[in-house]
Amino acid sequence: MGTILKVEDLNVFYGSIHAVKGVSFQVEQGEIVTLIGANGAGKSTTLNTIAGLLHSRSGSISFLDGPLGKVPPHKIVSKGLALVPEGRRVFLQMTVQENLEMGAYTQPGASLEADLDRVYQQFPRLQERRKQVAGTLSGGEQQMLAMGRALMSHPKLLMLDEPSMGLAPILVEQIFQIIRSLHKSGTTILLVEQNAQAALSVADRGYVLETGRVVASGTGAELLASPDIKKAYLGG
Amino acid sequence: MKKLTMKCSTRMDLLTYGAVILAYVVLLVLRDGGHLSRSLTGQLVPICCYVSMAVSLNLTVGILGELSLGHAGFMSVGAFSGVIAAMSLQSAIPAAPLRLAVAMLVGAGTAAVAGVLIGTPVLRLRGDYLAIVTLAFGEIIKELVNCLLVGWDSHGLHLALNLTGNKTIADLGLEADGIAIIKGAQGSAGVTTIATFTAGFLLVMITLFVVLNLRSSRAGRAIMALRDNAIAAESVGLDLTRYKMMAFVTSAALAGAAGALYGLNFSSLQATKFDFNTSILILVFVVLGGLGNMLGSIVAAAALTILPEALRSFADYRMLVYAIVLILVMLLTNDPTLRAYRDRILAALSGKRPGKEAL
């Protein structure tokens, strides 16, 4: 077990707006770590900065002992860090299988078939629909496709940005079951969620963000039990 | 399914190549038999040039999904650099076809350099910046060529920029055996016209080959992925700037080659020929033919180049009829009711003849 991702004193700005204010956290090998918080707390900004889509003004991000500071996003993926962006973002005009193949873009071609099999095993629904154009999938299926696509790149850390957003409760349940089973198979996951209850119940550890700062942290169970968190995020 | 779609797109590609070859053979036979009118014979090379312009612009607009409003600028760069190359190599390469090929390569090369210069800063941005910058580029090139003086003599090339407006070709100090190639606003003059219809046909085939192969390659899949969803493409590890540059510069180079052929088809040519209207005209070919549809671009470019000439007898009403034809074609290819009606008629007429539908 080692630290896979370490974020220290991260500061991110949108123009003059200070969106992430000195956030620090770390993710250990094999963990599910969740960042929870309300709209505008800086959760997605943090993830996008780690993935290289945004640039931090100060602070450091190290991934597997190497700094990620100025690495361009397309190189970050081949280092083993995959982001499933918010709002699903699949290639709507490609088929399910083509979407998955795009996920393997940074991989050598030889393992493609095996990787497809692995993802289809994880998501049997996708196998059923592999010839279907992604735009015709339901929201939940698109979310599964986006996750499957990220898994095609053999990530050492999978970052999920609000996987439950806009999904019916039963689908949310399904998505979290998938997250659990990915965790069981050894994938390290950094999960950003507004659905604090669901996120904390699958997470090993969690960090609570409020207006760009970490205001609380602890194991999933601790945070679920904490009266402050209950009051602020869990409805009572 | 993957095999099936591959087959489907390959079949469409083959149909496109076939249509071009067929059109070439038919036109060649008609021309040599003396059955083509003089105005149409004179238009064969320009048609080929516009067809390649349309196909290459379709790479930027249809496949990459970026709007370019300065495609004529690349054509201009290719045309004048091609003319300079061809005129100064006249004694070094006496064989006209080879000289033409070299001139077209030079045209493609300089246009590609222009493409890199524009693309490097602009393609890093998201949004419609490319449209604005290419629009400006087209105008800048026009003005630059307008004050460019180029001559050639036994000492080599002589260049001067006539920024103040009081220089003439005499200021280049050419030797007695020298020739003036570009005379500022008068453009190129006294060009030995070495462009041929066969060269035009080859240009169209090469353009098609490059664009269709790029589209079905690994890079092509990446280019279409970033067009569909840039964020997703970035999150699977695509280098957006690299693939955008690849498509944009290829498109510019092909336009440069087409420009060189165009420039060598006329004994004189002014930079104002390649203005904003020409860029828009090429964009009209692409939109009318269908974004990403190469055969559509070819048919639209050929038809809309011939149409204004064919409508000459309508005199003043020419552009009015032209506009009505454009609107009708758009309706016919986009209105669902009309499209169903058209498909029924086409099916009744000939079983299946896809591809002719753009007309």
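In what follows, every heavy atom counts, from backbone to side chain, and hydrogens, waters and symmetry copies are set aside.
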**Student:** Counting C-beta onward and ignoring hydrogens, is there a side-chain heavy-atom pair between Arg149(A) and Tyr105(A) closer than 4.5 Å?
**Tutor:**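 When only atoms from C-beta onward are counted, Tyr105(A) and Arg149(A) do not touch, as no gap falls below 4.5 Å.
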**Student:** Does the side chain of Arg221(B) come within less than 4.5 Å of Arg215(B)'s, by heavy atoms?
**Tutor:** no
**Student:** Where does Leu53(A) contact chain B at under 4.5 Å (heavy atoms): side chain, backbone, both or neither?
**Tutor:**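 For Leu53(A), the contact with chain B is made by the side chain alone.
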**Student:** For the residue pair Phe285(B) and Tyr50(B), does the interplanar ring angle fall in the parallel (under 30°), tilted (30 to 60°) or perpendicular (over 60°) class?
**Tutor:** perpendicular
**Student:** Please flag which part of Arg218(B) lies under 4.5 Å from any non-hydrogen atom of chain A: side chain, backbone, both or neither.
**Tutor:** both
**Student:** Between chain B and each of Gln93(A), Arg89(A), Met152(A), count heavy-atom pairs under 4.5 Å; write down the option with the most.
**Tutor:**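 Of Gln93(A), Arg89(A), Met152(A), Arg89(A) has the most heavy-atom pairs under 4.5 Å with chain B.
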**Student:** Side chains of Tyr207(A) and Val33(A), heavy atoms from C-beta outward: is any pair under 4.5 Å?
**Tutor:**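 Yes, close enough: below the 4.5 Å cut-off.
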**Student:** With a 4.5 angstrom heavy-atom cut-off, which part of Val84(A) approaches chain B: side chain, backbone, both or neither?
**Tutor:**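 For Val84(A), there is no contact with chain B at all, as no heavy atom is under 4.5 Å.
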**Student:** Any heavy-atom pair between the side chains of Ile223(B) and Phe248(B) that's under 4.5 Å?
**Tutor:** no
**Student:** For chain A, find which of Asp228(B), Asp239(B), Ile231(B) contributes the most heavy-atom pairs closer than 4.5 angstrom.
**Tutor:** Asp239(B)
